[in-house]
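A short worksheet on the structure shown next.
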2 protein chains.
Amino acid sequence: MPVEPNYFQQYQHADIDELADVIGELLQNPITVEDADHKLIAYSSHGESTDEARWSTIMGRRVPEKVLTRLWKDGVFQELLTQDDPVHIPAKDEIGLGKRVAIAIRRGSDVLGYIWAQEVNRPITREDDEILRQAARVAVSRLIQRQGKRKAEEQRRKEFLWELLLGNHSSEAVIRQKADTLQMQLPTSYLICIIEAAGARLDQYLYPLLMRDKLLWVVDGSQIILLIGLSEAKKDKSDVLIRKVEQFLADSLGKLEAHVTEGRQVIAGYGRDYKSYTDIVKSYREALHALKIKKLFPQENEGIHGYHELGIYRYLLQLKQWEEEQGYQNERLEKLRQYDRDNQTTLLTTLETFLDAAGKVNKTAERLHIHINTLSYRLRRIEEIIRVDLDNMNQRAALYLELKIAKLDGEQ
Amino acid sequence: MPVEPNYFQQYQHADIDELADVIGELLQNPITVEDADHKLIAYSSHGESTDEARWSTIMGRRVPEKVLTRLWKDGVFQELLTQDDPVHIPAKDEIGLGKRVAIAIRRGSDVLGYIWAQEVNRPITREDDEILRQAARVAVSRLIQRQGKRKAEEQRRKEFLWELLLGNHSSEAVIRQKADTLQMQLPTSYLICIIEAAGARLDQYLYPLLMRDKLLWVVDGSQIILLIGLSEAKKDKSDVLIRKVEQFLADSLGKLEAHVTEGRQVIAGYGRDYKSYTDIVKSYREALHALKIKKLFPQENEGIHGYHELGIYRYLLQLKQWEEEQGYQNERLEKLRQYDRDNQTTLLTTLETFLDAAGKVNKTAERLHIHINTLSYRLRRIEEIIRVDLDNMNQRAALYLELKIAKLDGEQ
DNA sequence: AGTTTGTTTGTGAATTTTCACAAATGAAAA
DNA sequence: TTTTCATTTGTGAAAATTCACAAACAAACT
């Protein structure tokens with residue numbers, strides 16, 4: 001293995017702009033240096049041949065949004081965030097992006113920024129990768145200070161989110177003002193989403209996704225709490241927005257479940273969407289509620305994350321508590337349970353399966369592995385024993401509720 | 001019209017026993033006088049020919065229970081209580097009751113007692129009726145004092161019931177003791193039933209029924225509150241007892257509705273059955289709740305009176321209140337309502353009918369007077385618009401609940 | 001005017017549900 | 001042991017449901 005030369009020996013103390021020029025000279029191509037938030041930090045001054053993406057970046061002092069979106073979509077950033085080596089990116093003419101190479105500037109697992117090298121004057125080969133690796137290493141010290149400031153800001157933003165989650169602020173105006181001083185732009189519509197994983201480094205694994213969507217988040221024990229913005233809530237198109245959340249969750253859970261093979265306890269829930277930021281407490285509580293229900297009824301709520309999708313489960317805990325306060329005990333179900341015990345039957349399970357199948361005898365018999373006439377007999381029996389009319393929606397719904405409430409005791 | 005002689009002219013100041021003898025002599029038959037509670041007050045002393053019923057009555061100083069039950073069943077008391085004339089009763093050998101004639105002793109609408117004349121020595125004809133009428137009139141003054149005492153006792157019992165209803169007593173032992181001092185025997189199992197009629201003299205119309213079942217009751221405005229005993233709650237035979245309550249209600253409501261033709265607002269509700277008398281508050285509250293629900297959803301709960309039969313309606317008020325506290329507004333239903341307004345459709349009604357029919361398309365289409373394919377189209381539309389899966393019981397039940405909750409606002 | 005869109009109704013075939021009746025099974029009671 | 005009872009399964013026919021496809025219609029839009 002040949003010993004690579006130390007390209008930046010004599011530039012250890014050069015400032016960041018000088019460094020960009022040096023890299024540019026070594027690679028004979030235009031260089032751009034950005035921080036983790038894609039704000040322009042430095043760029044090489046030689047050479048006029050520049051594509052539209054670089055031009056816009058320099059003029060706007062930030063990488064244009066559409067370029068970022070595209071690169072996230074193509075998985076470029078995912079690569080950059082997860083590996084130490086330079087990433088070679090083919091040209092993407094639709095967004096005015098020429099062929100280039102990029103590398104992340106990182107300290108430990110933190111990404112401080114990126115170095116971009118355009119390929120215009122000459123191709124950048126694998127041999128040049130070491131130059132970029134060294135350049136990234138040298139750039140670290142220049143970015144650390146900036147990073148410190150950024151971290152402190154991030155920290156203050158997280159504290160602010162906690163305040164919002166706990167409902168410390170009562171006035172919308174005060175919230176907006178504080179958000180301004182923290183240079184946060186609050187989405188017009190938002191919701192709170194919680195992802196919980198047993199013993200996983202949640203923020204670590206989700207980092208690329210969090211960065212991609214520029215989410216505000218805090219970690220609380222084994223939970224990560226996310227403020228997700230629903231940019232434009234046009235008319236009846238809220239469905240589309242919710243589907244974006246579901247997409248995000250699918251991505252996140254997929255990624256996490258790959259990592260957390262052991263307990264595989266990865267669950268997520270989110271509250272309803274609100275516009276006023278005094279309602280953030282509500283959305284948070286709703287997300288927590290959804291999570292709680294998903295733990296209590298995992299099968300019943302598989303694939304469901306939104307509080308608005310919980311159906312009757314939304315009421316269950318409350319109703320349970322109410323029944324207890326009233327000293328109500330369900331005689332009908334107890335009667336069935338007793339009958340089952342006395343006669344070694346399974347009428348209660350039969351009833352639950354029947355109700356879960358929304359009264360479809362076919363589906364019910366199938367799930368229970370019994371003849372359809374057996375089912376019909378059992379249902380008739382149930383109607384006789386607990387004196388109920390299963391064709392009556394009121395009674396059906398009531399029984400359904402009662403059954404699910406009873407399950408909360410683990411009595412089943 | 002011949003002027004009837006005044007048979008009791010010279011006995012105006014005779015005591016009650018003497019009176020019985022006089023009547024006996026006039027009719028040449030054995031006489032028994034009872035108070036309203038069928039306790040023996042006096043009996044004629046001549047003549048040995050006496051049937052088993054009279055003999056038991058005199059020996060036990062009260063009319064035997066089985067005789068009373070039979071006479072109530074045959075409607076004899078109903079007649080006695082509602083008319084001033086003597087009632088001629090055929091022999092009922094199975095209970096040892098010979099042929100006899102009876103008349104109620106009444107002051108105004110209050111029944112103070114009864115005079116019974118057995119037919120053994122000679123038949124008692126219509127001509128003798130006037131003798132009994134006059135005898136009943138003369139007996140009034142002898143029974144008034146007794147009646148006063150009885151009324152005071154009744155009054156104290158009613159006050160006691162009120163105390164129980166309002167939960168003033170916390171100890172079962174104290175309650176039992178007080179019941180003893182008031183000479184009340186509390187049924188082992190009981191429930192509270194309330195009948196409400198707009199402007200009717202409830203206790204008046206129900207008097208025969210109340211007497212028959214010896215119920216404890218109080219009147220509260222337009223409501224009459226009844227403590228109904230369920231004598232022997234053997235094993236799983238509670239159904240039979242409840243059916244007795246239903247029978248009583250059917251009788252009562254039938255009678256009342258005949259009288260209250262105007263507003264026809266006669267409703268009834270009853271709570272669950274309890275054994276401990278500290279629970280009487282619960283049963284009372286449940287009865288009130290049932291009544292309230294029946295007012296809010298008259299059609300939905302037609303023919304239903306028991307709190308235990310309310311189904312989901314039992315939860316509705318609580319859920320409504322809870323939703324309001326949470327500031328929850330139902331977007332799904334609102335969306336449908338909006339669609340209906342925009343397109344002059346009736347999807348909301350369609351949905352409700354469908355759910356009420358427990359998902360039977362046939363019944364639904366019939367009730368809506370539409371083609372079954374129209375219904376199928378509408379349901380598909382509903383599923384699209386509010387993004388719901390009507391085959392899913394959770395969603396179905398949730399929608400059902402939401403619909404009924406929404407109806408509480410009168411928003412429909 | 002024609003076109004589009006959402007709604008209603010019709011037809012027909014495959015499938016499911018409902019119901020009545022009968023036979024087989026197994027466990028408990030006589 | 002037989003008898004009884006509750007349960008399961010089978011058969012078959014009528015009724016109801018589901019689904020695809022098409023025609024008719026009215027209101028809104030171009």
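Order of the sequence lines fixes the chain letters, A, B, ..., with proteins taken first and strands second; residue numbering starts at 1 for each chain. Atoms considered below: every heavy atom in the structure, side chains included; atoms not considered: hydrogens, waters and symmetry mates.
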Distance in angstrom units between [X] [atom1] and [N] [atom2], rounded:
| X | N | atom1 | atom2 | result |
| --- | --- | --- | --- | --- |
| A:D342 | C:dA28 | CG | C1' | 13 Å |
| A:L390 | C:dT17 | CG | P | 15 Å |
| B:N343 | C:dT8 | CG | P | 10 Å |
| A:Q344 | C:dG26 | CD | C1' | 11 Å |
| B:I370 | C:dT9 | CD1 | C1' | 11 Å |
| B:L379 | C:dT7 | CG | P | 13 Å |
| B:Y377 | C:dG6 | OH | P | 7 Å |
| A:E383 | C:dT18 | CD | P | 11 Å |

Next item on the list: Would you verify whether the NZ or CZ of B:R314 falls within 45 degrees of the ring axis of A:Y328 while also being under 6.0 Å from that six-membered ring's centre?
Entry: yes

Check: If we only count heavy atoms from C-beta on, is the B:L390 to B:L351 side-chain gap below 4.5 Å?
Finding: yes

Note to self: Within the 4.0 Å heavy-atom criterion, would you say A:N362 contacts the bases, only the backbone, or no part of the nucleic acid?
What the structure shows: sugar-phosphate

Next item on the list: Determine the contact category for B:T345: base if any of its heavy atoms lies under 4.0 Å from a base atom, sugar-phosphate if only primed atoms, P, OP1 or OP2 are that close, otherwise nothing.
Entry: sugar-phosphate

Check: Considering heavy-atom distances to DNA chain C, does A:K360 or B:R381 have its closest nucleotide positioned more toward the 5' end?
Finding: B:R381

Margin query: Quick check: on DNA chain C, is the nucleotide nearest A:G359 upstream (toward 5') of the one nearest A:N373, or the reverse? Name the residue that is more 5'.
Written below: A:G359

Tell me yes or no: between the side chains of [X] and [Y], is some donor less than 3.5 Å from an acceptor?
| X | Y | result |
| --- | --- | --- |
| B:T353 | B:R367 | no |
| B:E402 | B:N330 | yes |
| B:Y339 | B:R381 | yes |

Next item on the list: Specify the closest pair of heavy atoms between B:G311 and A:A398, including all atoms of both residues, with the distance to one decimal.
Entry: CA-CB, 3.6 Å

Check: How do A:L347 and B:K363 order along DNA chain D: which one's closest nucleotide is nearer the 5' end?
Finding: A:L347

Note to self: Please pick, from C:dC19, C:dT7, C:dT17, the nucleotide with the shortest atom-to-atom distance to any side-chain atom of A:V361.
What the structure shows: C:dT17

Item checked: Pair A:Y277 and A:Y190, ring centroids less than 6.0 Å apart -> yes

Next item on the list: Under 4.0 Å from any heavy atom of chain B: name the first and the last nucleotide of DNA chain D that qualifies, 5' to 3'.
Entry: D:dA16 to D:dA20

